[in-house]
Amino acid sequence: MIWQFDLILLTLVVIFALISLRVKDLMGASIVFGAYSFLMCLIWAGMGAVDVAFTEAAVGAGVSTVFMIATIYNTGRMIKPRPQDMSFKLLMMLVVVITGAFLLTAVNDFPEWGDPYSPVNDHVAAYYLTHSMSDTAVPNVVTSVLADYRSFDTMFETAVVFVALIGIYGIIRRRRKQDDSDSDTDALPPYDPSESLIIRQASRMMVPFMQIFALYVVAHGHHSPGGGFQGGVILGASLILYSMSYNLPTLFKKMTEKWIILLSAIGVLIFSGVGVICMMLGSNFLDYSVLSQILPATDSVMARSHAMLIVEIGVAFTVMCAMVGIYTSLASNGRFDKGL
Amino acid sequence: MSTQAPVLMIIAPLIASIFITLIGWFRPKFSHPIAVISLLISSIASIQVFQMVLSNGPQQYFLGNWPAPFGIEYVIDHLNSLLLVTISVVATLVALYAKRSVEKELPDKLANYYTLFVLLVTGLLGISITGDAFNLYVLLEIAALTSYALIAFAKGRSLMATFNYVMMGSIGACFYLLGVGYLFIKTGTLNMTNLSQILVSLHMSQAVLVGFVLIILGMWVKMAFFPVHGWLSNAYTYAPTASTCLIAPLMTKVSVYVMIRVMTSVFSTEYVFNHLSWHLVVVAMASVAILVGSMMALSQRDLKKCMTYLVVAEIGYMVGGAWLGNPAGMTGATYHIIADAAMTACLFMAVGCIIYKHGHTSLDTMKGIFRKMPLTMLGFVVGMLSMIGVPPTCGFFSKWYLISGAIEAGQWHFMLALLFSSLVNAIIFFRIIEIGFFGSLGSETPDPHEHQDVAVKEAPLSMVLPMLVVAGALIGIGIYTSDIISLVIQPLISATF
Amino acid sequence: MWHPVLILSIALAAAFLILLTGERRENLRESWTFIAGGIMLYGLFQLLPGVLNGQILRHSVLNVFPNVDIAFWVDPFGLLFAFIAVGLWIPTSLYSIGYMRPLKEHAQTRYFACFAIAISATVGVAFSANLFTLYLFYELLSLSTYPLVAHHQDAQAREGSRKYLTYLLGTSIGLALPAMILVYGLTGTLTFSEMGVFGGGISAGLQVSLLLLFLFGFAKSGLMPFHSWLPGAMVAPTPVSALLHAVAVVKVGVFSVLRVLTGIFGIDLLAGSHLSTIACIIASITLITASLIALTQDSLKRRLAFSTVGQLAYIILGCSVASIVGVQASMLHIAMHAFGKITLFFCAGAIFVATGKKYISQMVGLGKQMPWTMLAFFIGSLSVIGLPPTGGFISKWYLIMGALDADKVWVVVVYLVSSILNAAYFLPIVYRAFFCSDEDSQYKDEVKEAPLPALIPPLLTASGCLLLFYYHDTLFKLAQLAVGG
Amino acid sequence: MLQELIASYNYIIVVVIMMIGLWAMLAKQNLIKKCIGMAIFQTGIILFYISMGAKKGSTLPILEHAHDGAHHAVVAAHYANPLTQILMLTAIVVGVATLGVALTLAQKVYQQNRSYHEDKILEKLSK
């Protein structure tokens, strides 16, 4: 990587973070935050963490920003200045500065940046790189670590997304024709983006391509950057785009609320189900190698590889549904009839 | 290959949560039985594991059959085996208890509620059982996210309280993750056993020090240790009854467990107490936490809120005990994790029964509560006696060890704080007894005969029974103290000191 | 066969049966008390021969800490105390019936049940083989007597019961508990032993602080400045006061102090250091001050309460001089004072039941109308003052002997001064009740004796005071056995 | 020399970003700004992990392999660190889940109190 480029990016990131916190318009702040995330994922890509960069581009710069916009759409967007208690801010500043200084004291103690033989790179990580092929036959080590060596983390990560979806539904969802008293027609902007012909047509064309790409990302995660998360987020984003360019009811015609919930649960079920099957076949939870007993024409190594694909599909289901579900909840303010 | 019980206790509620969502969408009333069954399976599995640990010593379980530093492993030793039993059993009882209360408070969200309920238990069990620092973070987040939602379900004032909780919880989790990062950069491993092996030679490292401090700080935020206790009271007070009953006893205790785990298993007592040697400052903070919590509890006019501040004070007990730096203090702290989980569960369940029948828990309006709800108040009395530390309830024994630890370490202020908090608990307790006896608080003249013939209006049996079981457990734990200490805590203490 | 746990659980079972029987069938309910009391007394008598032969029965129920069990033993001192508690429970219950029913008190079931639990706790204290068990029952007693003190449920009762618990729980948690933990931390044991548990090697400063913590920690013994719960608790119904002041609560306090002084510190350690003097000074101050305050009280029950504070200090003083005779004397005094003081309280209650009067100034001429009550009152006061032919004389005699044995002449002076004060605050009451002209008498013919259940118990206990003057051999034997004399 | 500076510059920026986020979470009054602060804090941590896993002159952690399934001996130093990446994948997902919950709460709070301003909300609640 080019260090000058890196230097500029790192500086820019700080500036963008500050701007997004300074801007009085919340919509603007969200957009700046999106830009911040995007710069961040450039940095990560520069450091060789393509999978992370990929995810951040989809999640941080994409979906997160859309979540914020959906929230702001239903509420107020301008911050009205108010006289503030500066002593509190100063106190917090002090806390933060002390914490930061404390964190910085350790920087000199870190191994040299980029050292391939630092403990982080040498100990466990090196094992993964050297054994991934022989253990799992998956060349993308990120995928093999994600979906096999540390698949237990990943399963719970999927569960986290599922939890968020269920939790948000529980908090925000209202039955229709029930208390519409609190702020029904709240802050609807005069401009309705779904009426724009250009946007409609453009997204109509884009959505299928996005979805095909997403499927590719899921399926080809063994050999190239990508996997269940990235694919799931892109799938979700395509649906979000669809609903943004038309409106929510159009989306719900294709994919109802019920399916959002059920599919997200099924995603987790696929993942944990694979684990349970492994247990039933007499090995430890998530030990894919025993799946060779039931998968046709596989040895224990290939069984791992195949099981990873199954698991990634489960992840993709859950993530996609969670992204769409969270977005629709936020955008429609829990009523699931109209909204952004 | 060993038994599957360790993973079964985590997986049962996880899979149950999926089925609750799938089935509950169509038939919400099935949610509760599924939740209870899965938690029962968990309890049985955890008891089985506990017995295995007692007879065969610490157990390991490799997920995905990957050997330890490369895959994720479960480590069940003396420290967490009993905690696992406590979590799963308390959760089962709370689940039984929750039925009527949730039906009343959140009738249209049964499926969502129980999904999150069992997932919270999954998270808590997972945190306690895992031997991997990063896996712990993921489960910490599961537990955190579910508890946010479970609290926010109550709507109303709970929303803002939860928002603050989300902020503090995220800071806590981020600090933990960052701390793990600082350790990771020096060691290259996330496995706790492996970490502790490598860290032995890294005691002088500044990065390791920062990492340790960050993890501890993160846990303090999570457990609402003074001075970052502000979020706890509102969040717990405005939450739905069943959520408080589940979260208040278990969530903070698990954070305390993580703290002790990091102090003893990842680092060593040698490092924490001899190398760093600022543990006495922490004990002083714990004393302040106890004082502040007790004072705040004393000034409340609402029973539930009062109880939440007692939780803050109890956290001071455990942190202080763990940082006293001697075996007695550590024994007290670990014993108190179990004791306090049962105590808080009992009290919040009793408070929940009162809410169920009475609508609220403002102290001024609880005239005749003893006659109206005799069984509920029986449970409450036992819980409160344990809080005060009256033998033979378990609260007495934890206090005993904590005080002996304080004396051994010469930390008189901590001992005084403990005694002060006992007295405050006694005052709070007798304030409620007085309401039972005199009908009112303060200067109002009580009328001896006005509430003599209040009809008994007890909360439903499905709520009262689990509470009484917990109340009985308080005495049971107290009676079996010496067994618990010698079988469970002693091996742990002798391994770490 | 007869076992301390069995004996104390009989009282618990009685409490349970009382609760079950309930308000409707009150005769059946009360009969449980008497049945339980009878059985317990029988059981204690069965234990007596063994103890007199010098056997000490030990029984451990449950191990709680290393070296600390919930354990019981039947030693002479404990048995002596258990005898007093159970023996006086029966007349007190009879008296309660005579007191509660005419006044139509509410919640009698609760009252009798709590009473039984309190007795159970008292017996538990008596038979505790170590400090931990003792503490356990000590707390149980505080809690179970709270409903009794708060019985009237009015503003005054709230005041009194608050004070009661604040003092008792406050001191036991704040002082006695840390002291106990310290002792355990220092010695690793809490079991009472005649030699004390401190082998030596404990600094004098620490010993003094432990002594103070224990003396004040067991605030039931009413040592100043932690005495004011006692007059405050006078709001309770009179039978409760009788129980609190004569049988259970205060006696448990001094019993605990005596146990700690003899079983934890050991007489030798006390005698061989300044500890004895310190304890003596504290007790003496309480003794004199309480007697002086008692002089100024007009409310009969309050005067009795301060008299109790003083008499408790006698007992502690007797033990604190740290001579063998002194300790024996203080054990005897527990018994003697119990009989005397309970008589006095019974009489106060009988007067209240018959006339509704509480103040001494209203009792002029009462002797003509209530001769039996006032006779009993007279005997009771003689015993408390320590004049023959009552049991109080015996114990006071030995108390003085004990002080002389320990070469503490100033203690003898304290005894004598306070005895004079005792006489000064009791005898005028009796005198004015009997010897007054008809014009001065505030009572005409309308007042009669209290109903029989309220009259018999004071006469019983008064005759007990007289009998103890002649038949105190067994008690004395027990006391002698208790301190290896 | 310059390279070394960049190396520590990297970590310094990490701390700066995290502290910006932390400060926003603690001191900002606007709930949405708090949420943004939370996201910034999390990205800071992610950057920290990614930085520690970076290797000079390495390529993506996708192993070269022949099509017949045979593979060469792998030199770990040639590939970027996969472990930190998957840890951070998890962290990103956890972060977006938390963000979603926080935003939902913020939205509901706004509807109750017609404001995102913390003090204003607390004033209103304490009435």
Side-chain angles (χ1 to χ4, degrees), chain A residues 99 102-103 105-111 118-128 131 135 148-157 159-160 162-164 166-171 173 175 178 258 261-262 264-266 268-269 272-273 275-276 278-279 282-290, chain B residues 1 4 7-8 11 14-15 17-19 21-22 25 61-66 69-72 108-109 112-113 115-116 119 122-123 126 132 134-135 138-139 141-142 145-146 148-150 152-153 155 159 178 182 184-191 194 198 205-211 213-214:
Chain A
T99 319
F102 181 60
L103 293 182
T105 56
V107 167
N108 279 334
D109 191 35
F110 289 161
S118 67
V120 174
N121 293 332
D122 209 28
H123 181 39
V124 179
Y127 171 90
Y128 293 141
H131 290 72
D135 283 348
D148 197 352
Y149 293 102
R150 296 187 68 90
S151 54
F152 197 63
D153 268 352
T154 314
M155 185 178 81
F156 279 112
E157 190 183 341
V160 167
F162 176 62
V163 166
I166 300 287
I168 289 170
Y169 260 54
I171 295 167
R173 189 160 172 264
R175 285 211 209 113
Q178 203 199 319
K258 182 169 104 181
I261 292 279
L262 296 188
S264 68
I266 287 169
V268 186
L269 184 63
S272 50
V276 172
C278 297
M279 260 165 79
S283 185
N284 278 3
F285 189 71
L286 287 175
D287 179 6
Y288 304 139
S289 59
V290 288
Chain B
M1 203 212 62
Q4 303 287 346
V7 80
L8 192 64
I11 293 307
L14 175 73
I15 294 193
S17 77
I18 301 163
F19 281 105
T21 301
L22 290 178
W25 183 270
Y61 184 92
F62 299 113
L63 289 148
N65 244 348
W66 293 112
F70 309 115
I72 293 168
D108 52 344
K109 289 180 191 160
N112 284 352
Y113 190 87
T115 305
L116 295 174
L119 273 170
T122 312
D132 187 280
F134 190 82
N135 189 240
V138 178
L139 286 151
E141 284 292 359
I142 290 221
L145 277 175
T146 44
Y148 304 150
L150 286 177
F153 270 22
K155 300 282 169 64
L159 291 170
L178 195 55
Y182 271 72
F184 185 48
I185 201 170
K186 294 298 285 184
T187 61
T189 181
L190 293 163
N191 182 283
N194 200 211
I198 300 177
S205 160
Q206 176 73 11
V208 169
L209 171 72
V210 175
V213 172
L214 281 173

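In what follows, every chain begins at residue 1, and chains take the letters A, B, ... in the order their sequences are listed.
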[X] versus chain A, the contacting section by heavy-atom distance below 4.5 Å:
| X | answer |
| --- | --- |
| Val138(B) | both |
| Leu139(B) | side chain |
| Leu14(B) | side chain |
| Leu119(B) | side chain |
| Leu159(B) | side chain |
| Asn191(B) | neither |
| Ile15(B) | side chain |

**Q.** From CA spacing to verdict: side-chain contact (heavy atoms from CB on, under 4.5 Å), Val163(A), Glu141(B)
**A.** CA-CA 10 Å; Val163(A) 166; Glu141(B) 284 292 359; over 6 Å; no
Max heavy-atom pair count under 4.5 Å with chain A, selected residue of [options]:
| options | answer |
| --- | --- |
| Thr146(B), Leu8(B), Thr122(B) | Thr146(B) |
| Phe184(B), Phe62(B), Phe134(B) | Phe134(B) |
| Ile185(B), Asn194(B), Thr21(B) | Ile185(B) |
| Leu150(B), Val7(B), Leu63(B) | Leu63(B) |

Heavy-atom distance under 4.5 Å to chain B: side chain of [X], backbone, both or neither?
| X | value |
| --- | --- |
| Asp148(A) | both |
| Phe156(A) | both |
| Ser264(A) | neither |
| Ser151(A) | neither |
| Val276(A) | side chain |
| Leu103(A) | both |
| Asp122(A) | neither |

Determine, step by step, whether Phe110(A) and Tyr182(B) satisfy the ring pair (Phe, Tyr, Trp, His ring centres under 6.0 Å) criterion, reporting the C-alpha distance in whole Å, the side-chain angles of both residues, the deciding distance to 0.1 Å, and the verdict. CA-CA 9 Å; Phe110(A) 289 161; Tyr182(B) 271 72; 5.3 Å; yes
Using a 4.5 Å cut-off on heavy atoms from C-beta on, say whether the side chain of [Y] contacts that of [X].
| X | Y | value |
| --- | --- | --- |
| Asp109(A) | Leu209(B) | no |
| Val124(A) | Leu190(B) | no |
| Lys186(B) | Val120(A) | no |
| Pro69(B) | Tyr127(A) | no |
| Phe19(B) | Leu269(A) | yes |
| Arg150(A) | Ile72(B) | yes |
| Thr187(B) | Pro119(A) | no |
| Leu145(B) | Val160(A) | yes |

Most heavy-atom pairs under 4.5 Å with chain B, out of Ile166(A), Val268(A), Ile261(A), Leu286(A), belong to Ile166(A)
Pair count under 4.5 Å, heavy atoms only, with chain B: among Asp135(A), Val290(A), Asn121(A), Asn108(A), highest is Asp135(A)
Next item on the list: Output, in order, the C-alpha distance, side-chain angles, deciding distance and verdict of side-chain contact (heavy atoms from CB on, under 4.5 Å) for Gln206(B) and Val107(A).
Entry: CA-CA 9 Å; Gln206(B) 176 73 11; Val107(A) 167; over 6 Å; no
State the [atom1]-[atom2] distance between [X] and [Y], to the nearest 0.5 angstrom.
| X | Y | atom1 | atom2 | answer |
| --- | --- | --- | --- | --- |
| Ile11(B) | Phe285(A) | CD1 | CZ | 3.0 Å |
| Asn112(B) | Arg173(A) | CG | CZ | 7.5 Å |
| Asp132(B) | Asp153(A) | CG | CG | 6.0 Å |

Review point. Are the side chain of Gln4(B) and the backbone of Ser283(A) linked by a donor-acceptor contact shorter than 3.5 Å?
Key: yes
Task: N/O donor-acceptor pair under 3.5 Å between Tyr113(B) side chain and Gly170(A) backbone - done: no
Shortest non-hydrogen pair, Ser272(A) vs Ile18(B), comes out as OG-CD1, 3.6 Å
Residues Ala149(B) and Gly167(A): closest non-hydrogen pair is CB-CA, 3.6 Å
| query | Using the benzene-type ring in the case of Trp, are the ring centres of Tyr149(A) and Phe70(B) under 6.0 Å apart? | reply | no
Tell me, with the steps shown, if Lys109(B) and Ile171(A) meet side-chain contact (heavy atoms from CB on, under 4.5 Å). CA-CA 9 Å; Lys109(B) 289 180 191 160; Ile171(A) 295 167; over 6 Å; no
Run Phe162(A) and Thr115(B) through side-chain contact (heavy atoms from CB on, under 4.5 Å) and show every step you take. CA-CA 10 Å; Phe162(A) 176 62; Thr115(B) 305; 3.9 Å; yes
